[in-house]
Amino acid sequence: MSEPTFATLVSRWYSETARDLPWRHPGVSPWAILVSEVMLQQTPVVRVVPAWQAWLERWPTPAALAEDTPAEAIRMWGRLGYPRRAVRLRECAVAIVERHAGVVPDRLDQLLALPGVGTYTARAVATFAYGQRHPVVDTNVRRVVCRAIAGEPDAGPTTRPADLVATEELLPVEPADAALASAAIMELGAVLCVARSPRCDRCPVASICAWRTSGQAAPTGPSRRPQRYAGTDRQVRGLLLGVLRETTGPVDRQRLDQVWADDVQRARALAGLVTDGLVEPVGTASFRLAGDGGPPAPAVV
DNA sequence: ATCCGGTGTC
DNA sequence: GACACCGGAT
């Protein structure tokens with residue numbers, strides 16, 4: 001009789017203590033899981049929950065979202081941040097309708113080909129929506145595996161192929177068990193094995209954690225530079241988008257000019273919004289959220 | 001004032 | 001591989 005494995009210990013802990021998140025409920029559709037994963041890409045759980053519920057109430061299927069305008073997707077996105085994700089999610093819905101008859105695909109290569117879906121999200125959907133056996137490595141999983149298995153601090157800002165391999169080796173053979181283990185490892189990284197103040201006293205694998213055994217080394221590499229928000233193009237984009245979001249249809253350039261004094265930076269931010277497909281010019285002196293007021297795009301000058 | 005994070009682009 | 005991208009929590 002052997003010791004319980006890493007996956008067994010973490011999965012048992014997860015089954016007993018997991019947060020009750022709505023996208024983890026039985027019967028949640030693959031589309032709803034995909035929406036949750038895209039929202040969770042850059043936004044904390046507590047802020048995603050209400051937005052996810054409202055989004056799926058309005059657009060329960062990819063086809064429903066595909067038929068609506070980018071402008072409405074941007075408005076429904078609310079203040080989740082990184083609103084390009086809203087436009088990509090709608091483009092993703094269009095692609096699902098066009099390529100897959102409105103059904104979220106279950107193959108990794110097909111998922112990866114969708115707008116806004118990268119290596120993490122493709123594996124998360126294949127695993128959590130379709131019960132397949134894949135390593136699902138986000139920043140939390142990477143940190144947990146680096147610590148507990150390699151005994152090292154987190155390897156850095158990107159997921160390496162080696163991280164995928166190391167995680168795969170932890171997964172049970174049965175796909176359903178592997179999916180549960182992946183959810184459990186993510187939960188562990190989000191709740192206990194956090195970056196700064198890990199709660200090892202409550203950790204289900206504290207007894208077999210290589211990082212704990214070896215003295216909990218801190219990361220050695222260059223710490224990532226702090227990113228500011230105030231005064232950046234990001235802030236200006238947010239201000240411009242705020243005006244457009246609360247207005248139906250075109251907004252005069254003059255009104256947009258009032259949100260930020262620096263002409264050069266304001267113009268750069270507005271151009272960026274257009275490039276990103278969030279905003280489009282209407283005539284020569286006004287702008288609107290993409291597709292706002294109907295699909296017919298403005299005449300290209 | 002600092003922290004957090006996938007994807008796409010260059 | 002560096003960088004841009006958002007906003008709220010702490």
Side-chain angles (χ1 to χ4, degrees), chain A residues 33-52 73-92 95 108 111-128 134-144 146 154-161 163-164 167 182 186-187 189-199 218-219 221-245 259-260 265 268-279 289:
Chain A
I33 289 173
L34 172 55
V35 171
S36 79
E37 292 298 344
V38 172
M39 288 182 171
L40 290 163
Q41 279 170 5
Q42 304 287 281
T43 307
V45 164
V46 291
R47 291 168 54 202
V48 166
V49 170
W52 179 82
I74 294 163
R75 290 199 177 92
M76 282 296 286
W77 196 252
R79 309 180 69 79
L80 290 179
Y82 297 100
R84 285 188 299 191
R85 288 183 291 162
V87 174
R88 288 211 195 103
L89 186 52
R90 183 185 163 280
E91 290 171 355
C92 180
L108 223 45
L111 286 163
L112 274 170
L114 297 171
V117 176
T119 60
Y120 164 75
T121 305
R123 290 163 178 280
V125 171
T127 298
F128 302 133
H134 301 288
V136 182
V137 183
D138 69 350
T139 187
N140 286 322
V141 171
R142 197 180 62 238
R143 183 175 57 252
V144 169
C146 282
D154 190 1
T158 61
T159 295
R160 309 156 303 180
D163 299 321
L164 245 52
T167 303
S182 283
M186 292 181 67
E187 183 83 351
V191 174
L192 295 183
C193 197
V194 295
R196 294 231 280 164
S197 302
R199 303 292 308 270
S223 61
R224 87 155 154 194
R225 61 189 175 85
Q227 62 278 61
R228 56 251 146 251
Y229 179 65
T232 63
D233 286 7
R234 283 159 51 199
Q235 183 185 16
V236 184
R237 285 168 60 107
L239 292 169
L240 291 168
L241 210 56
V243 173
L244 290 156
R245 190 160 36 201
V259 308
W260 196 254
Q265 187 176 24
R268 187 172 62 228
L270 186 55
L273 289 170
V274 172
T275 299
D276 290 344
L278 291 155
V279 172
L289 289 185

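These values consider heavy atoms only, across backbone and side chains, with no hydrogens, waters or symmetry-generated copies. Convention: sequence-line order gives letters A, B, ...; per-chain numbering from 1.
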Determine the minimum heavy-atom distance between Arg85(A) and Val38(A), stating which atoms define it. NH1-O, 3.0 Å
When the distance from CZ of Arg84(A) to P of dA4(C) is rounded to whole Å, what number comes out? 11 Å
The side chain of Gln42(A) lies closest to which of these nucleotides: dC3(B), dG5(B), dT7(B)? dG5(B)
With a 4.0 Å cut-off on heavy atoms, is Asp276(A) in touch with a base, just the backbone sugar-phosphate, or nothing at all? nothing
Which nucleotide in the list dC5(C), dG8(C), dG6(B) gets nearest to the side chain of Tyr82(A)? dC5(C)
Remember a base hit wins even if backbone is also touched, and classify Thr121(A) as base, sugar-phosphate or nothing at under 4.0 Å, heavy atoms. sugar-phosphate
When you measure from the side chain of Arg79(A), which nucleotide among dG8(C), dT7(B), dG5(B) comes out closest? dG8(C)
Please list, chain by chain and in numerical order, all residues satisfying salt bridge (charged side-chain N to carboxylate O under 4.0 Å, His left out) with Glu187(A), sequence neighbours excluded. Arg19(A), Arg24(A)
Side chain of Tyr120(A) - closest among dC4(B), dC5(C), dT7(B): dT7(B)
Against Leu164(A), only a single residue in Val141(A), Val137(A), Val136(A) fulfils side chain to side chain contact (heavy atoms under 4.5 Å, CB included); can you say which? Val137(A)
Identify whether any heavy atom of Thr119(A) sits under 4.0 Å from a base atom; if not, whether one sits that close to sugar-phosphate; answer base, sugar-phosphate or nothing. sugar-phosphate
Looking only at the side chain of Tyr229(A) (C-beta and beyond, no hydrogens), which of the listed nucleotides dT7(B), dG5(B), dG7(C) gets closest? dG7(C)
Kindly give the atom pairs (protein nitrogen or oxygen, nucleotide nitrogen or oxygen) under 3.5 Å for nucleotides 8-10 of chain B.
{"unit_1": "dG8(B)", "atom_1": "OP1", "unit_2": "Gly116(A)", "atom_2": "N", "d": "2.5"}

